Amino acid sequence: MTGRSGAPRFRRAEPGAPFSLPIRNRPFLAGSAHPSFPERIGDAGEMIPVLEADMPGDLADGLLAGAVREAVDAELPVSGGVLIRGLPLTDRPGFEKLVTALGYEALGYRGGIAVRKNDSGVALKASEEDSRITLSPHNEMAYLPDYPRRVFFFCETAAPSGGEVPVNDIRETAAAIPHDVKAAFRTRGVRYHRTLAMASGPGATGWADTFGTTDRGQLADHLAASGYTSEWDGDVLRYHYRREAFAAHPESAEELWFNQVTELHCSYWRSHPDFAADLPAYDYPATTTYGDGTPFEDDEISFLRGVLWRTTKAVRMLPGDLLVLDNQVVQHGRMAYRGTRRHYVSLSR
């Protein structure tokens, strides 16, 4: 790709040395003993194109964001994602400045379930979930009616061990899910059940942080306006709602598997080091059922998780890297890691 004078030029770069990561029987990865899980996954290779930025000596402030947006808008419809290297990004403020200048409509994280502080409308810390846990590939906020079209990830500090970003083209996964299973989800949908204490704790964000309020009346109004069924048990909030399991891509109109039936199932917390493994399903921060309330068999959920991992690859981000994904097409996750890892995420419509 070429650019205007004073703007960066992008060229295709090699994806880096190949690698693979163990998945089957991985500690704290729900369902990973199931035979549907692969032994290992490989690197993303050519799945996510890598663009190297050649920065001009006379870089013009106003041209950086324009060049990045041009690259993103060109690559996402073709590949579902792009990894950009060589940008002058070193920290969160620089990432926030770039994302803001891109001109996409920002989307906040109200109602989201990830363990993270919702302390900025532009760049959030990537999941602050226990570093021992591997987060399976998922479409960001697919359990809500308002979800991002694009997800931007910035690596400030790469973990010395682990911390790769698993990426998965959901179209490949959907092709591997049996037709009768897809038909059942198409007809019955998914019901999401949430159980939130007021305060946040290990492995769970409380309702005050989830919704940005401690006013129960204001929160009740929001839930009712969203069409959710809710009740209070002391300071514990319980609510549930139904969503479709598929969504149409806004540009291609392609029907896509788009839900978090696996990641929000109670078996995630039953494999979590900070939770007891034998609690009733509805006592965990979340669980899922069919839309009519029929519970899933554990084997069904483990099978679906394994199918997701069978089509998953991994990206090893370096400090300064910008990874952009079409959230409806390419899922993302996080491998367990050791040491310090500072990644930030920004969401846009």
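Given the structure is predicted, the values throughout are model-derived calculations rather than measurements.
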Worksheet item: Taking only residues two or more places apart in sequence, or in another chain, which ones meet Y337 in a ring-ring contact (aromatic ring centres under 6.0 Å, His included)?
Response: none
Worksheet item: Strictly by modelled atom types, are T294 and R188 linked by a side-chain donor-acceptor pair under 3.5 Å?
Response: yes
Worksheet item: Taking the side chain from R238 and the backbone from L196, do they hold a donor-acceptor pair closer than 3.5 Å?
Response: no
Worksheet item: How about Y104 and D73: does a side-chain donor come under 3.5 Å of a side-chain acceptor?
Response: yes
Discussion item. If you count every heavy atom of other residues, nucleotides or ligands that lies below 6.0 Å from R349 atom CZ, does the total exceed 12?
Written reply: yes
Worksheet entry | From CA spacing to verdict: ring-ring contact (aromatic ring centres under 6.0 Å, His included), H240, Y228 | CA-CA 6 Å; H240 61 89; Y228 300 167; 9.3 Å; no
Item to complete: Report yes if the distance between the aromatic ring centroids of F153 and H343 is under 6.0 Å, otherwise no.
Response: no
Worksheet item: Counting only N and O atoms by type, is there a donor-acceptor contact under 3.5 Å from the side chain of Y192 to the main-chain atoms of Q260?
Response: yes
Fill in: R171 side chain near T311 side chain, heavy-atom distance below 4.5 Å
no
Discussion item. Within the structure provided, determine whether P49 and S79 are in side-chain contact (heavy-atom separation under 4.5 Å).
Written reply: yes
Response to the item:
Residues passing the salt bridge (charged side-chain N to carboxylate O under 4.0 Å, His left out) test with E39, sequence neighbours excluded, are R24
Worksheet entry | Positive for side-chain contact (heavy atoms from CB on, under 4.5 Å) with F152, one of L102, L325, L323, V345 | L102
Discussion item. Are the side chains of V261 and Y143 in contact, using a 4.5 Å heavy-atom criterion?
Written reply: no
Practice prompt. Under the side-chain hydrogen bond (donor to acceptor under 3.5 Å, both in side chains) rule, what do T262 and R305 come out as? Steps first, then yes or no, please.
Written response: CA-CA 6 Å; T262 52; R305 282 198 177 102; 4.9 Å; no
Worksheet item: Is there a donor in the side chain of R26 and an acceptor in the side chain of T134, or the other way round, less than 3.5 Å apart?
Response: yes
Item to complete: Test side chain to side chain contact (heavy atoms under 4.5 Å, CB included) on T312 and V167 and set out the steps.
Response: CA-CA 6 Å; T312 293; V167 290; 6.0 Å; no
Worksheet entry | OG1-CZ distance between T287 and R191, expressed to the nearest 0.5 angstrom | 13.0 Å
Worksheet item: Atom CG of L83 and atom CG of L51: how far apart are they, to the nearest 0.5 Å?
Response: 8.0 Å
Worksheet item: When you check the gap from the basic side-chain N to the acidic O, do D326 and R149 get nearer than 4.0 Å?
Response: yes
Discussion item. Quick one, F246 with L256, criterion side chain to side chain contact (heavy atoms under 4.5 Å, CB included). Give me CA distance, side-chain angles, the key distance, then yes/no.
Written reply: CA-CA 5 Å; F246 294 83; L256 299 168; over 6 Å; no
Practice prompt. Could you tell me whether Y147 and F258 have their ring centroids closer than 6.0 angstrom?
Written response: yes
Fill in: From CZ (F211) to CG (L223), nearest 0.5 Å
5.0 Å
Item to complete: Would you tell me whether T289 and H193 have side-chain atoms, one donor and one acceptor, within less than 3.5 Å of each other?
Response: yes
Item to complete: Indicate whether the side chain of T173 and that of N168 have a donor and an acceptor atom separated by less than 3.5 Å.
Response: yes
Discussion item. Checking one residue: M335. Which other hydrophobic residues are in its cluster under the side-chain 4.5 Å linking rule?
Written reply: F19, L21, I23, L29, F37, I41, W309
Worksheet entry | Any side-chain heavy-atom pair of R216 and L219 under 4.5 Å | no
Fill in: Close side-chain approach of P88 and L64, heavy atoms under 4.5 Å
yes
Worksheet item: Listed by chain and number, what are the side-chain contact (heavy atoms from CB on, under 4.5 Å) partners of D274, not counting sequence neighbours?
Response: D130, R132, P202, H272
Practice prompt. Could you list the residues that satisfy side-chain contact (heavy atoms from CB on, under 4.5 Å) with P15, not counting sequence neighbours?
Written response: E46, V50
Discussion item. Please enumerate all residues that pass ring-ring contact (aromatic ring centres under 6.0 Å, His included) together with F154, with sequence neighbours excluded.
Written reply: F95
Worksheet item: Which atom pair, heavy atoms only, marks the closest approach of A30 to S271?
Response: CA-OG, 3.5 Å
Worksheet entry | M55 to G86 - nearest heavy-atom pair and separation | CG-O, 3.4 Å
Worksheet item: Excluding sequence neighbours, so at least two apart, what forms salt bridge (charged side-chain N to carboxylate O under 4.0 Å, His left out) with E244?
Response: R242
Worksheet item: Is a side-chain donor or acceptor of D215 paired with a backbone partner of Q218 at a separation under 3.5 angstrom?
Response: yes
Worksheet entry | Note, N139 side chain near Q328 side chain (heavy atom, < 4.5 Å) | no
Practice prompt. Decide side chain to side chain contact (heavy atoms under 4.5 Å, CB included) for I170 and L308; before the verdict, give the C-alpha distance in whole Å, the side-chain angles of both, and the deciding distance to 0.1 Å.
Written response: CA-CA 8 Å; I170 195 61; L308 289 172; 3.8 Å; yes
Discussion item. Using the rule given for side chain to side chain contact (heavy atoms under 4.5 Å, CB included), can you reason through V165 versus R334, listing the C-alpha separation, both sets of side-chain angles and the distance that settles it, and then say yes or no?
Written reply: CA-CA 5 Å; V165 180; R334 188 207 69 190; over 6 Å; no
Item to complete: Decide, yes or no, whether a salt bridge links E156 with R341 under the criterion of side-chain N to carboxylate O below 4.0 Å.
Response: no
Discussion item. Less than 6.0 angstrom from the centroid, inside 45 degrees of the normal: does R270 satisfy that with respect to the ring of F275?
Written reply: no
Worksheet item: Would you say the ring centroid of F296 lies under 6.0 angstrom from that of Y290?
Response: yes
Practice prompt. Could you list the residues that satisfy side-chain contact (heavy atoms from CB on, under 4.5 Å) with D278, not counting sequence neighbours?
Written response: A276
Worksheet item: Can you tell if the side chain of I133 reaches within under 4.5 Å of the side chain of P273, non-hydrogen atoms only?
Response: yes
Item to complete: Check for a donor-acceptor pair, side chain of R310 on one end and backbone N or O of S36 on the other, with a separation under 3.5 Å.
Response: yes
Discussion item. If we ignore hydrogens and angles and just use 3.5 Å, is the side chain of H138 paired with the main-chain N or O of H332 as donor and acceptor?
Written reply: yes
Worksheet item: Between the side chains of S32 and N25, is a donor N or O closer than 3.5 angstrom to an acceptor N or O?
Response: no
Response to the item:
Sequence neighbours excluded, the answer for ring-ring contact (aromatic ring centres under 6.0 Å, His included) partners of H265 is none
Discussion item. I'd like to check the ring-ring contact (aromatic ring centres under 6.0 Å, His included) partners of W207; sequence neighbours left out, ordered by chain and number.
Written reply: W232
Item to complete: Using only heavy-atom distances, determine whether the side chains of E140 and N327 contain a donor-acceptor pair under 3.5 Å.
Response: no
Item to complete: List for me each residue that meets salt bridge (charged side-chain N to carboxylate O under 4.0 Å, His left out) alongside E52, sequence neighbours excluded, and say none if there are none.
Response: none
Discussion item. As a test of understanding, state which of R69, R12, R150 forms a salt bridge (Lys or Arg N to Asp or Glu O under 4.0 Å) with E75.
Written reply: R12
Practice prompt. Give a yes or no on whether a salt bridge exists between R11 and D54, defined as a side-chain N under 4.0 angstrom from a carboxylate O.
Written response: yes
Fill in: Carboxylate-amine/guanidinium contact R85 D321, below 4.0 Å
yes
Discussion item. Given 3.5 Å as the limit, does a donor-acceptor pair link the side chain of D91 with the main chain of G94, or not?
Written reply: yes
Discussion item. The criterion is side-chain contact (heavy atoms from CB on, under 4.5 Å); which residues satisfy it with T340, sequence neighbours excluded?
Written reply: T157, R342
